[in-house]
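One structure is given below, encoded as structure tokens.
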Amino acid sequence: MVRNRVLPFLSVILLATLPTASFAQDARAVLASVVKAMGAENLKTLHYAGSGSSYVITPGPVPATGWPHTYLKSYVRDLNLETAMSRLHGIRVQGTPPADQTMNHSIDATSPWSTQYQFWLTPYGFLKGAMTGSSSLTTKTVFGSDYRVITFTPPGGHPVSAYLSDKDLIEKVETRIGDRNDVPVEALYRDYMDVNGVKFPMMITEKQGGELSLLVIVNEVKAGK
């Protein structure tokens, strides 16, 4: 009698775990397709540069007019995908009279989440993390368009999600920051071009707290494999 009761119970447990396992496999398969479509196989380093607009993020609520705008004369980012490291060098024009202001930031896997998220927010940083760790697959509808959404959680417990186009390109990456993890940040990637076999977005915009924080028009890309 006991055996007859245990077997159906075990069957229920097994069936309950199948959807989770299936979604995990689907996530890996989708990620593999995205890596191939974006030419990210064996990609080790990435250098890209451009110019655009930078916004000065100040403490407290977002101003009614948005973050203060500055002209971004130069934006140069270098990624090491093997060590999860990012270096940023930028020059923005700010003040009265206008003057160049240099920005230099370096982050790695040991940096606090308040800065480390910038690496995972890039399409290639995201792919590196999602392929290395555990990831999940869902679908979402945004303004009438359906997206497959891959989510993974880097060490530290902050989920990061990427929205995939029907061409297996990453169109958006989002996560949260802040003392209470209540500030949404997102990066949008548009106008992909093929650069020596690597698909790279030539327009990058970022938002923090729903307001525009960065706009970069890319004019130089170098990939290292």
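Each residue takes its place number in the sequence, starting with 1. Only a predicted model underlies this, so the values are computations on that prediction, with no experimental measurement involved.
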Test item: side-chain donor near acceptor, Y55 and E206, under 3.5 Å: no
Non-neighbouring partners of K225 that pass salt bridge (charged side-chain N to carboxylate O under 4.0 Å, His left out), sequence neighbours left out: none
Stepwise side-chain contact (heavy atoms from CB on, under 4.5 Å) test for R190 and E171: CA-CA 7 Å; R190 299 289 186 271; E171 290 196 356; 3.7 Å; yes
Linked, directly or transitively: Y163 and V173 (ILVMFWY side chains, under 4.5 Å): no
Backbone of S111 reached by a side-chain donor or acceptor of D108 within 3.5 Å: yes
Side chains of T115 and H105, donor plus acceptor under 3.5 Å: no
R92 side-chain N/O to V56 backbone N/O, donor-acceptor pair under 3.5 Å: no
Side chains of R77 and S86, donor plus acceptor under 3.5 Å: yes
Evaluation steps, side-chain hydrogen bond (donor to acceptor under 3.5 Å, both in side chains), between H89 and S74: CA-CA 8 Å; H89 175 77; S74 174; 5.6 Å; no
W113 (side chain) donor-acceptor with G178 (main chain) under 3.5 angstrom: no
Joint cluster assignment, L88 & Y189, ILVMFWY side-chain distance < 4.5 Å: yes
Salt bridge (Lys or Arg N to Asp or Glu O under 4.0 Å) evaluation trace for R176 with D182: CA-CA 6 Å; R176 287 181 173 269; D182 59 346; over 6 Å; no
Under 3.5 Å: donor-acceptor pair, side chain of S106, backbone of R87: no
Side chain S165, main chain L169, donor-acceptor under 3.5 Å: yes
Qualifying residues under side chain to side chain donor-acceptor pair (under 3.5 Å), relative to T153, sequence neighbours excluded: none
K140 NZ/CZ over Y147 ring centroid, <6.0 Å and within 45° of normal: no
All ring pair (Phe, Tyr, Trp, His ring centres under 6.0 Å) counterparts of F152, not counting sequence neighbours: W120, F126
Donor-acceptor under 3.5 Å (T141 side chain, G144 main chain): no
Exam field: side chain S54 to backbone L214, donor-acceptor pair closer than 3.5 Å: no
Check against ring-ring contact (aromatic ring centres under 6.0 Å, His included), F200 and Y48: CA-CA 9 Å; F200 195 88; Y48 55 99; 4.8 Å; yes
Under 3.5 Å: donor-acceptor pair, side chain of Q208, backbone of S213: no
Side chains of N80 and T45, donor plus acceptor under 3.5 Å: no
Short side-chain donor-acceptor distance under 3.5 Å, R148 and T139: no
Side-chain donor or acceptor of S135 paired with backbone N/O of M131 under 3.5 Å: no
